[in-house]
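Here is the structure we will look at.
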Amino acid sequence: MTDHLVIAIDGPAGSGKSTLGRALAGRLGLRTLDTGASYRAVAALAIRRGVALDDLAAVASLASSARLEISDRVMIDDIDVTEEIRSEEVNAAVSVVAANPEVRSALVAWQRRWADEHAGGIVEGRDIGSVVFPDAPVKLFLTANVEERARRRSEEGQASVERRDRMDSTRAVSPLTTAPGATVVDTTEMPVDEVVDLVLTMVDAATGGKR
Ligand code: CDP
């Protein structure tokens, strides 16, 4: 597990994780990792290769052998899937792929390596504070009401957002849940600047002001 500073941000679709992550990155000089993009990239590759999503072993083998790169662009096995991972097809497939336990262990290992290689960072997802970095000194769980979250994901639509929420919260392995020690922040009406200030205060408290 990484010794570097990791800020764990979890929450359902459209709760404001990426917006907060981007704003914090500038203030803290840390990189951000959108772990959702790793699950989306595996889903996109499975679709491209015609692998049935219920063939757990085949999808898991894709996840453990694929070469993944996530920065400004998202690449898997040297294929640029940056736009494709936001498609309707991937929205519909990703929560099925993410419920596959062996896909999760392969991607969690990759996410931990990423944090080691980048000297920590702001990591967002569903199980970051609970499973990937349970010792992270700063853990946030963002929420917002479903109407607001669907508005933020208007191109996806409320039905698809609710379906992913349901699958992500009820799956057997690493379901979306508030991690022990996480601070819950409702972003429905809270301006981004206020959330950023709150988190910076938490970072100062956790690092003794040495950020
Ligand atoms: O951006 P949004 O919050 O809508 O979703 P995302 O972060 O791109 O994640 C897409 C999907 O990946 C989620 O609906 C989960 O099924 C899965 N996921 C996960 O299981 N664990 C994570 N740490 C991150 C995402």
Side-chain angles (χ1 to χ4, degrees), residues 6-22 32-47 53 56 59-60 62-63 68 70 73-74 76 81-115 121-134 136 139-179 182 185 187-188 195:
V6 168
I7 298 177
I9 308 178
D10 291 301
S15 55
K17 303 182 295 290
S18 300
T19 307
L20 174 63
R22 270 194 301 275
T32 58
L33 174 62
D34 167 11
T35 62
S38 64
Y39 292 93
R40 287 175 178 275
V42 171
L45 191 63
I47 293 167
L53 302 184
L56 298 189
V59 180
L62 272 190
L68 193 58
I70 302 183
R73 311 292 298 172
V74 178
I76 188 159
V81 291
T82 313
E83 277 81 34
E84 199 170 314
I85 61 169
R86 307 290 158 196
S87 67
E88 215 173 289
E89 222 180 343
V90 170
N91 284 338
V94 65
S95 291
V96 179
V97 168
N100 182 325
E102 288 180 45
V103 168
R104 299 203 73 82
S105 24
L107 293 185
V108 166
W110 182 88
Q111 291 156 15
R112 289 180 179 149
R113 275 199 306 278
W114 181 95
I122 299 157
V123 185
E124 29 148 323
R126 300 290 188 287
D127 60 341
I128 308 306
S130 56
V131 173
V132 187
F133 296 110
K139 295 185 192 180
L140 277 301
F141 188 90
L142 302 189
T143 62
N145 69 35
V146 71
E147 290 77 20
E148 175 60 18
R149 295 192 294 104
R151 195 188 61 76
R152 295 173 186 169
R153 289 282 179 279
S154 55
E155 61 309 333
E156 177 174 357
Q158 185 159 340
S160 170
V161 166
E162 287 184 359
R163 177 175 172 274
R164 283 200 292 126
D165 281 357
R166 205 165 42 246
M167 293 184 70
D168 295 343
S169 309
T170 56
R171 69 181 173 223
V173 184
S174 310
L176 171 68
T177 178
T178 312
V185 182
T187 69
T188 309
V195 187

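Every number for a ligand or one of its atoms is a count from 1 in the order of the listing.
Assignment of Glu124 to the shell around ligand 1 is not supported, since no heavy atom sits closer than 4.0 Å. Using a non-hydrogen distance threshold of 4.0 Å, Arg171 registers as a contact of ligand 1. Arg163 does not count as a contact of ligand 1, since none of its heavy atoms falls under 4.0 Å from the ligand.
The nearest pair of heavy atoms linking Leu142 to Thr187 is CD2-CG2, 4.1 Å. Considering every non-hydrogen atom in both Ala182 and Thr178, the closest pair reads CB-CG2, 4.1 Å. Shown here for Val132 and Arg112, the closest heavy-atom pair between the two residues is O-NE, 3.0 Å.
Of the protein's non-hydrogen atoms, the one nearest atom 4 (O) of ligand 1 is Arg164 NH2, 2.8 Å. In terms of protein heavy-atom proximity, atom 22 (C) of ligand 1 is nearest to Arg126 N, 3.4 Å. The shortest contact between atom 13 (C) of ligand 1 and any protein heavy atom is with Asp168 OD2, 3.2 Å. Distance from atom 8 (O) of ligand 1 to its nearest protein heavy atom, with residue and atom name: Arg40 NE, 2.7 Å. Atom 1 (O) of ligand 1 has Arg153 NH2, 3.0 Å as its closest protein atom, hydrogens excluded (heavy atom only).
Distance check: Ser174 OG to Ile128 CD1 gives 9.5 Å after rounding to the nearest 0.5 Å. Atom-to-atom distance recorded for Arg171:CZ and Asn100:CG is 11.0 Å, nearest 0.5 angstrom.
Contacts of Gln111 with ligand 1, taken as heavy-atom pairs under 4.0 Å, are absent altogether. In Met167, neither the side chain nor the backbone holds a heavy atom less than 4.0 Å from any atom of ligand 1. Of all the heavy atoms of Glu156, none lies under 4.0 Å from any atom of ligand 1, so neither backbone nor side chain is involved.
In this structure a side-chain-to-backbone donor-acceptor pair under 3.5 Å is missing from Ser15 to Ala144.
Applying the 4.0 Å criterion to heavy atoms of Val94 picks out, from ligand 1, the atoms 11 (C), 12 (O). In summary, the atoms of ligand 1 found under 4.0 Å from a heavy atom of Arg86, numbered by their order in the structure, are 8 (O). Set against the non-hydrogen atoms of Ala98, the atoms of ligand 1 under 4.0 Å away are 16 (O), 17 (C), 20 (O). Within ligand 1, counting atoms from 1 as listed, the ones closer than 4.0 Å to a heavy atom of Lys17 are 3 (O). For ligand 1, the atoms sitting less than 4.0 Å from at least one non-hydrogen atom of Asp127 are 21 (N), 22 (C), 23 (N), numbered in the order shown with element in parentheses.
Considering only heavy atoms from C-beta on, Trp110 comes within 4.5 Å of Leu33 through its side chain. Looking at heavy atoms from C-beta onward, Leu107 lies out of side-chain contact with Thr35 at the 4.5 angstrom threshold. Using a 4.5 Å heavy-atom threshold, the side chains of Ser38 and Ile70 count as touching.
Evaluated by nearest non-hydrogen atom to atom 9 (O) of ligand 1, the leading choice among Ser169, Gly36, Ser95 is Gly36. Taking each of Leu176, Thr35, Val97 in turn, the one with a heavy atom nearest to atom 24 (C) of ligand 1 proves to be Thr35.
For Arg152 and Glu148, the salt-bridge test passes: some basic side-chain N is under 4.0 Å from an acidic carboxylate O.
Between Arg104 and ligand 1, a contact under 3.5 Å exists for at least one N or O pair.
Listed by chain and number, the residues in a side chain to side chain contact (heavy atoms under 4.5 Å, CB included) with Asn91 are Arg40, Glu156, Ser160 (sequence neighbours excluded). Among residues two or more places apart in sequence or in another chain, the side chain to side chain contact (heavy atoms under 4.5 Å, CB included) test is passed with Ala13 by Arg126, Arg149, Val161, Arg164, Asp165.
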